Amino acid sequence: MVACLSYTPDPLPRTNPFPCSRLQFGSQEALLSLNKCTNFKHIKQIYAKIIRHGLSHDQLLIRKLLRLCSSYGKMDFATLVFHQIQGPLTFTWNLMIRYYTINGCSQQALLLFNLMLSQGFPPDKFTFPFVIKACGAASTIDLGKVVHGLAIKTGFIGDMFVLNTLMDLYFKCRKVDCGCKVFEKMRVRSVVSWTTKISGLVSCGELDVARGVFEQMPTKNVVSWTALINGYVRNQPEEAFELFWRMNIDNVRPNEFTLVSLLKACTEMESLNLGRWVHDFAHKNGFKLGVFLGTALIDMYSKCGSLEDARRVFDKMQLKSLATWNSMITSLGVHGCGEEAISLFVEMERANVQPDAITFVGLLCACVQTNNLEEGQRLFKYMGEHYGITPIPEHLTCMIELYNRAGMLDEVCILENAMPSEPNDYILSALLRASKVYGLVNMEKFLYRHSGKVDSSAV
DNA sequence: TGCAGGGTCT
């Protein structure tokens, strides 16, 4: 968390180290160069040039640079650049807070806000939504309440963006009453205010209340329709489609978000025909096969039983995200195509896509499906040694299952070292299966050591 | 510079 802020870069020159340079490189040229940047190395070169030509005081230029660093996920370099600015404007502080949150560094965002205040830089109406979002991302409702108080004290609480973000924070932290209170106190409400309340209630499990709020909404747009549709996907997928038809009658055009929700509903219903209909609808209505829609289609086809269609979508996708690769690898694995799953993983590595823990869940599941202990052991080792990925319960469940099937219960016990303090139900089930089959006394002891939930009669 | 809805996991 403190990594970015405690990062101590080599000192950079604050003045032009090449005052006699004859090169013509002003702010305009620097901006043009930044606009043409295609890789991070290029950004660093331009920054060096900015320093050399004494342009580092130009905050417009620096903000552009920070935005590029953020888009490349290079927040360590952005931190270095930011701390070279003498007297950053509130605008620039705001952007840094926002970029930290976007890049998953919400703690750094909050630390930077604290630094901003302690150095006497005044927050403005833009600062608060960014900071409140950081509180939400860091799940710190207590700090969120402090920021709420500060927004009141500084007079920015009347801003609709601040109120909408606050409401969202309270709902995301399951403080339904506080979220509703913010909504009630709003003098003016936008479609975003209403939609924030609807989606907030839907995550808090208050679907009926959310429906009531939706019906009261003066103006509905595609986001509000999709928020409600999404609420029905898991437990009442048919109702999600009913709402979709109603939305069409109301002449609200669905977007990619809507179709992804519908595909999830198809998956819940295990309806390949309906899934094909959504795919066809997307095609006929000119939707591009983007990463979200494409990945949702792969998942739907796979879970509805058509691995061939899933693979066809995967091959057709021009742009693939990590989730896309993971979805296809998992699909191959659960359909018993273990070798193909591993081949696709090799292809993924060749494409320079960095795998994550979920990739290895898919791969290890593929090994379980095909009873391939040797490959499972190799991948489990490779995951840690090559990628530094720490095993999560899903990996351990697969490994226990593999060792269990091979009758290697001593190996199961070795996994104890990697076991979380409170193994989840999947792990306990896998261990129980192992214990039940082989009736090992040691296993019973092991289970008792890790959970008070297990009844000895079940073993 | 801003606020709402989406994909991969035993």
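Not measured: the values here are computed from a predicted model. Here is how names work: the chains are called A, B, and so on, in the same order as the sequence lines, proteins then strands, and each is numbered from 1.
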Interatomic distance, [X] [atom1] vs [N] [atom2] [rounded to whole Å]:
X      : N      : atom1 : atom2 : answer
A:N221 : B:dA4  : CG    : P     : 13 Å
A:L166 : B:dA4  : CG    : P     : 12 Å
A:K125 : B:dC3  : NZ    : P     : 13 Å
A:M167 : B:dA4  : CE    : C1'   : 9 Å
A:L332 : B:dC9  : CG    : P     : 13 Å
A:K197 : B:dC3  : NZ    : C1'   : 17 Å
A:L402 : B:dT10 : CG    : P     : 14 Å

Looking at the side chain of [X], which of [options] is the nearest nucleotide?
X      : options              : result
A:N255 : B:dG5, B:dT1, B:dG2  : B:dG5
A:T330 : B:dG6, B:dA4, B:dT10 : B:dT10
A:A323 : B:dT8, B:dG2, B:dA4  : B:dT8
A:K264 : B:dC3, B:dA4, B:dT8  : B:dT8
A:S199 : B:dG2, B:dG5, B:dC9  : B:dG5
A:K303 : B:dT8, B:dT1, B:dG5  : B:dT8
A:E256 : B:dG5, B:dC3, B:dG6  : B:dG6

Name the nucleic acid region contacted by [X], choosing base, sugar-phosphate or nothing; use a 4.0 angstrom heavy-atom cut-off, strictly under.
X      : answer
A:V222 : base
A:T359 : nothing
A:D159 : base
A:T196 : sugar-phosphate
A:F130 : base
A:E401 : nothing
A:V202 : nothing
A:K172 : sugar-phosphate

Handout entry: Cation-aromatic face contact A:K197/A:F171, 6.0 Å, 45 degrees
Key = no

With heavy-atom distances below 4.5 Å as the criterion, would you say the side chains of [X] and [Y] are in contact?
X      : Y      : answer
A:V131 : A:L143 : no
A:K125 : A:T127 : no
A:F345 : A:F360 : yes

Handout entry: Partner of A:Y170 under side-chain hydrogen bond (donor to acceptor under 3.5 Å, both in side chains), chosen from A:K181, A:K145, A:H148
Key = A:H148

Problem - Check against salt bridge (charged side-chain N to carboxylate O under 4.0 Å, His left out), A:R312 and A:D309 - result: CA-CA 5 Å; A:R312 241 191 302 276; A:D309 280 309; 3.1 Å; yes

Exercise for the section: May I ask whether A:F126 stacks on the base of B:dG2, given the cut-offs of 5.5 Å between ring centres and 30° between planes? Expected result: no

Handout entry: Verify stack between A:F161 ring and B:dC3 base, 5.5 Å, 30 degrees
Key = no

N/O donor-acceptor pair, side chain [X] with base [N], under 3.5 angstrom:
X      : N     : result
A:S327 : B:dT8 : no
A:N94  : B:dG2 : no
A:N164 : B:dG2 : no

